[in-house]
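Working notes, beginning with the structure itself.
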Protein chains: 2
Amino acid sequence: MSNQMTIYDISKKAGVSIATVSRVLNGSSNVKPKTRKKVMDIIDQYGYKPNAFARGLGLNSMKTIGILCADSSDLYLAKAVYFIERNLRENEYNSVLCCTGYDVENKKESLKLLLSQHVDSVVMVGSNFIINEDGGNDYIKEAAETIPVMLLNADYDAPNVYCTLCDDFKATQDATESLLKSGIDDILYLYNSKSYSGQKKLAGYQNAYMTMDKEINKDLQQCFSGSHEDIEGVTSFIQKLWDDGLRFKAIVTSEDFLGVGAIKFAQNNNISVPKDLQIVGYNDSILTLCCEPAMTSVNNRLEDMCIQLVKTLIGTLTGSEMPQKIIFSGELVKRDSTSI
Amino acid sequence: MSNQMTIYDISKKAGVSIATVSRVLNGSSNVKPKTRKKVMDIIDQYGYKPNAFARGLGLNSMKTIGILCADSSDLYLAKAVYFIERNLRENEYNSVLCCTGYDVENKKESLKLLLSQHVDSVVMVGSNFIINEDGGNDYIKEAAETIPVMLLNADYDAPNVYCTLCDDFKATQDATESLLKSGIDDILYLYNSKSYSGQKKLAGYQNAYMTMDKEINKDLQQCFSGSHEDIEGVTSFIQKLWDDGLRFKAIVTSEDFLGVGAIKFAQNNNISVPKDLQIVGYNDSILTLCCEPAMTSVNNRLEDMCIQLVKTLIGTLTGSEMPQKIIFSGELVKRDSTSI
DNA sequence: AATATTTATGAAAACGCTTACATTATTTTT
DNA sequence: AAAAATAATGTAAGCGTTTTCATAAATATT
C-alpha cells in the first residue's frame, strides 16, 4: 500500500538521504536536477504521499484553514463555504468545516477547537459572528493573537483581523432611495434576527429616509426571527402585520427568503406585484428565479468577496502586508418584482 | 499562551510524568482519581489543549473524517454536508470538506489527498461518485482497503463500503404510477445529467409504465445538462420541446430546480398547473415553497439518511459489525402542483 | 507480617516528518 | 593545479504526543 510508505522507504529506493527527499518534497532549491528527478520518479512510481501529521508536527502547520459557519445548509452561507473551500484548495490549503449554529457559546467553543487543531487561519463566514455587546468580540481578538482571522461580510477592527465585506448599508440605502424617489413612501423593511448585517441594512434603510428628508415610521421596521427555511412563516408574519392594519407599497428585505415570503403574501391577498407592492430581496440567490414574478434583489458579490478573502489570507500567511478591510459594492439586480 | 503549552509543562506543574497526563487526556482507567483530578485542574487552569499533530502522529488518527462532495453550493448537497458535519461533531469527529466538482479525475485526486491526510474514513456525498463504466469505481474499492468508505445516496457493493440511500427508484415509480392511475399517460420525465441517481429514477419511471402496462414514449425522457442554478435554462429547454410539438400532461423530475423550471414554463405558456399540467419535483427543498403553486416533491429523508450514515460510520470505526446497506423510503409530499 | 496480586506511575522508544549543522562534491578563482 | 567558494547531500536532533514495558505503590491473600 502506497499509504504506508515513509520517507525512509523512498530515500532508500532512490539511494539518497531522507533530507534530500524532504527537500524535493518541499521544493527546496538546493537539490541537483538529476537527483530531484530520480526522487520524483520513485515518489510518482509508488504514489507516495507524506504523512500529514508528521509534516504538521515538523512544520507546525498542516496547511489547513478552519471555516466557521453558523449553518452551511443556509443557501447563502453554503455558497460562501463552497467558494472559499474551492479557492483555498486551489492554493493547496485544506479546510476544516465547523458549523456552529447561532449560539454564541457554541461559536466560541468551536473556535477553540479549531485553534487546538493548529489551523493556519480561521475564516468566519457571515456577520453573525459579530456579537453586538460589550467585549462580545474578544474571542475574535484573542484568536487573532495566534493566527490571522478572516471575516466574510462582517466588520470588526482589531489587529490581525481581516474583513472582506459588501457595503450592505449603501446597497440597502440605494434600493430604498430608488423606491422613495419613485414616489413610494411606505416601505416596509423586513429583516432576519439571525444576522447582524440585518442591522446594517436597517441603518441603510433609515438613512435613505433621512437623505430624502422623509419621515420614518417605526412600525415599518419589522424583524422576522424564524428559520431561513420557513417561507410560510414569513408569509403569515406579513399577513399578521397587514391584518393589524399596517399598510405599505413596497417591502425591502435583508434576505431573499423574506422577499419570497412577501411575494407569497401578495399572491394570497391578490395584491399585484409590482403594481401595488414592490419587493426587493437580498443576496440574489436562486430563490429570486423561483418565485413569480422573478424578484429584484441585491447581488452582494459573494464570489468576488470569497476570492478576495482567500487572496488576502494567502497573502497574510506568506508574509505580505495586506489591507485589513476590503469593501465591495452591492449591485441591485432588477427583475419583475419592482418597477424602479 | 495556552496554546504553546505542552504535555511536559503540564506534567511538571502537576508533578507527574507525561505518561500520566496522557492517560488522563485519553481517559485511561488506570489512574488514581486523586491524580486525575490534580492533573485535570492544571489542564483546566492553563486551558491546555494537546497538539493535534503530535496526537495524530501517535494515534495515527486525528479523529477526522473526509467529506467529498461535488459541489457544496448545491442546495441538496449543502444540506447533506451540514447534517453530516453536525452529526460527526456531536461524536467528536472533525470533518475536512473537499469539493471535487463533477470531473472524475478531480474526484480521484481529491480522494487521494484525503487519504494522505490520514482521515479515519471518507464520506462521499451524492450518487455522482459512482462512475458508470467498467472498473470506474475501483478508486472507491481501493480507498476501502485502507479505511471505511461511506456513500450517501449511492449504491456500490464492495468490502468496507457502506451505503446509506433512499429508494429513488421506488419513489419515482410510485409518483409516476399515481399519475398514470389518475388517467394521465403522457408524462415527461426530466432529469439532470450530473447525478447518477437520475438514471435510477428514470428506471423507476419506466417501471411504472411497465407495471401499468402502458406504452413508453422515448421522447418523453429528457435530460437537461445545465447547472443546478439555471432555472431559466430549464424553462427554455422545456419550451423548446414544446415548440417542437412534444406534448405532455405531467412532468416528473429528478430534482426540484427542474420542477421549478417546469412551473415557470407553464406560467409563460398560460398552462394551468395542476389542471393541465402536473409537476413533481424531487428533494423537497425550499424551492418547492418558492414557486407558485407550491410544488409536490419527493422527500428523500436526507436528514434521516445522514444521521444513519454517521451512526454506521461511528459503529464501524469502533469495531462494531455494521450493515453495509441501509435503504430509506422516499415520501411524496403533495402540494398544489399536482392533483393526485 | 510476609507474600502474591493488582493498580498506578514513570522511563523511554516510537510515530514520520523538517531542518540546522556538518560534510562532501563541484565549481570558480588564483 | 591548488585554494577558495559554492552547491549538494547526509547526519542527527527536534516536534509533542502515545504506548510498551519496567517499576513502584497499594491492596488482597495466606
Side-chain angles (χ1 to χ4, degrees), chain A residues 1-40 42-43 46-64 92 94 115-120 146, chain B residues 1-40 42-43 46-64 94 113 115-120 146:
Chain A
M1 263 314 301
S2 65
N3 275 332
Q4 334 284 50
M5 280 221 138
T6 75
I7 200 169
Y8 283 94
D9 301 322
I10 299 296
S11 75
K12 211 166 292 169
K13 287 192 198 295
V16 299
S17 77
I18 58 164
T20 300
V21 177
S22 174
R23 276 189 273 263
V24 170
L25 244 29
N26 293 288
S28 162
S29 58
N30 278 349
V31 41
K32 194 151 61 173
K34 224 165 92 184
T35 316
R36 159 165 291 130
K37 180 167 182 341
K38 190 168 57 178
V39 174
M40 270 311 226
I42 301 282
I43 289 179
Y46 290 90
Y48 163 76
K49 293 252 180 193
N51 179 312
F53 302 147
R55 203 171 204 191
L57 233 201
L59 291 169
N60 205 36
S61 147
M62 200 135 110
K63 293 264 245 175
T64 296
E92 303 191 298
N94 284 101
L115 288 177
S116 83
Q117 301 231 66
H118 291 235
V119 291
D120 298 333
T146 319
Chain B
M1 263 314 302
S2 65
N3 276 332
Q4 335 283 50
M5 280 221 139
T6 75
I7 200 169
Y8 282 95
D9 302 321
I10 299 296
S11 75
K12 211 167 291 170
K13 287 190 198 296
V16 299
S17 77
I18 58 164
T20 301
V21 178
S22 175
R23 276 189 272 263
V24 170
L25 244 29
N26 293 287
S28 161
S29 58
N30 281 348
V31 41
K32 194 150 61 172
K34 224 165 91 184
T35 317
R36 160 165 290 130
K37 180 167 181 344
K38 190 169 57 179
V39 173
M40 269 312 227
I42 301 282
I43 289 179
Y46 290 92
Y48 162 75
K49 293 251 181 195
N51 180 313
F53 302 148
R55 203 170 204 191
L57 231 202
L59 292 169
N60 205 34
S61 148
M62 201 135 111
K63 292 263 246 177
T64 296
N94 284 100
L113 206 132
L115 288 178
S116 83
Q117 301 230 71
H118 291 235
V119 291
D120 298 333
T146 318

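To find a chain, count down the sequence lines: A is the first, B the second, and so on, and within it residues start at 1. In this text, all values refer to a predicted model and were calculated from it rather than measured experimentally. Values reported hereafter were calculated over all heavy atoms of this structure, with side chains retained and with hydrogens, waters and symmetry mates removed.
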Short side-chain N/O contact from B:Ser22 to OP1 or OP2 of D:dT18, under 4.0 Å: yes
Overall bend - the helix from C:dA1-D:dT30 to C:dT30-D:dA1, comparing terminal axes fitted on five pairs, nearest 10 degrees: 30°
N/O (side chain, B:Thr6) to phosphate O (OP1/OP2, D:dG16) under 4.0 Å: no
Between P of C:dA13 and CG of B:Leu57, the distance in whole Å: 17 Å
Closest nucleotide among D:dT11, C:dA8, C:dC17 to the B:Asn30 side chain: C:dA8
Distance test, side-chain N/O of A:Arg55 to OP1/OP2 of C:dT18, below 4.0 Å: yes
Of A:Tyr8 and A:Val16, the one whose closest DNA chain D nucleotide lies more 5': A:Val16
Residue-phosphate contact under 4.0 Å: B:Tyr48 side-chain N/O, D:dG16 OP1/OP2: no
C:dT9 phosphate, OP1 or OP2, under 4.0 Å from B:Thr35 side-chain N/O: yes
Verdict with reasoning, A:Asp9 to A:Tyr48, per side-chain contact (heavy atoms from CB on, under 4.5 Å): CA-CA 10 Å; A:Asp9 301 322; A:Tyr48 163 76; over 6 Å; no
Of the listed nucleotides C:dT9, C:dT18, C:dG16, the one nearest the side chain of A:Asn26: C:dT18
Listed nucleotide nearest any side-chain atom of A:Pro50, set C:dC17, C:dT9, D:dT11: C:dC17
Sugar-phosphate, base or nothing in reach of A:Phe53, heavy atoms under 4.0 Å: nothing
Closest-nucleotide 5' rank along DNA chain C - winner of A:Thr20 and B:Lys32: B:Lys32
